[in-house]
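Start at 1 with the first residue, then count along the sequence.
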Amino acid sequence: SSGINAEWPLRPGGFGTRRAFLTELVRNKTRTAAEDASKSLSQLFAEGTVIYRGYVDDAKNTDNAWLETVSVNFHDNSGTKFGSFRLAEDFTWVEAHFSLNVFAQHKEWLREVVELHRAHW
């Protein structure tokens with residue numbers, strides 16, 4: 001990370017919409033593969049679990065403007081729905097664990113996801 005510290009943020013919803021996100025994911029696929037991937041991911045996204053919704057503590061917050069977010073867990077039980085997608089350069093898969101160096105509020109969301117899936121933290 002090139003920021004002030006080495007904490008990793010969870011990627012904010014920079015795509016704006018689910019359609020924009022799906023479009024980015026299937027951009028480099030053939031039309032048939034893109035349609036199949038889009039259907040698969042749409043089903044996965046329909047089954048998401050909201051982990052957090054609300055105010056986010058951030059250095060950019062002021063008395064008159066602040067960040068709010070929605071953190072949603074999209075769990076791929078089969079391990080096949082995300083596997084074929086090439087991640088953008090600023091994305092990476094990491095194992096969720098207690099000593100992972102992420103922003104404090106993001107660590108709490110990750111802990112809740114780990115507990116939701118009865119995994120080891």
Asker: What is the distance from atom CG of L116 to atom CG of L110, rounded to the nearest 0.5 Å?
Answerer: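 Those atoms lie 12.0 Å apart.
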Asker: First locate atom CD of Q105, then atom OH of Y52, and finally report the distance between them rounded to the nearest 0.5 Å.
Answerer: 5.0 Å
Asker: Roughly how far apart are T49 OG1 and H117 NE2, rounded to 0.5 Å?
Answerer: 6.5 Å
Asker: Would you mind telling me which of D58, N61, D57 makes a side chain to side chain contact (heavy atoms under 4.5 Å, CB included) with W66?
Answerer: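 Of D58, N61, D57, side chain to side chain contact (heavy atoms under 4.5 Å, CB included) with W66 is met by N61 alone.
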Asker: Taking all atoms of both residues into account, what is the closest heavy-atom pair of H97 and E95, and its distance?
Answerer: CD2-O, 3.1 Å
Asker: With rounding to the nearest 0.5 Å, note down the distance linking CH2 in W109 to CG in N73.
Answerer: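 Going from CH2 on W109 over to CG on N73, the span is 13.0 Å.
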Asker: For residues A96 and V114, report the shortest heavy-atom separation together with the two atoms involved.
Answerer: CB-CG2, 4.0 Å
Asker: What's the separation between atom CZ in R111 and atom CZ in F98, rounded to the nearest 0.5 Å?
Answerer: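 Interatomic distance, R111 CZ to F98 CZ, rounded to 0.5 Å: 10.0 Å.
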Asker: Rounded to the nearest 0.5 Å, what separates atom CD1 in I51 from atom NE2 in H106?
Answerer: 13.5 Å
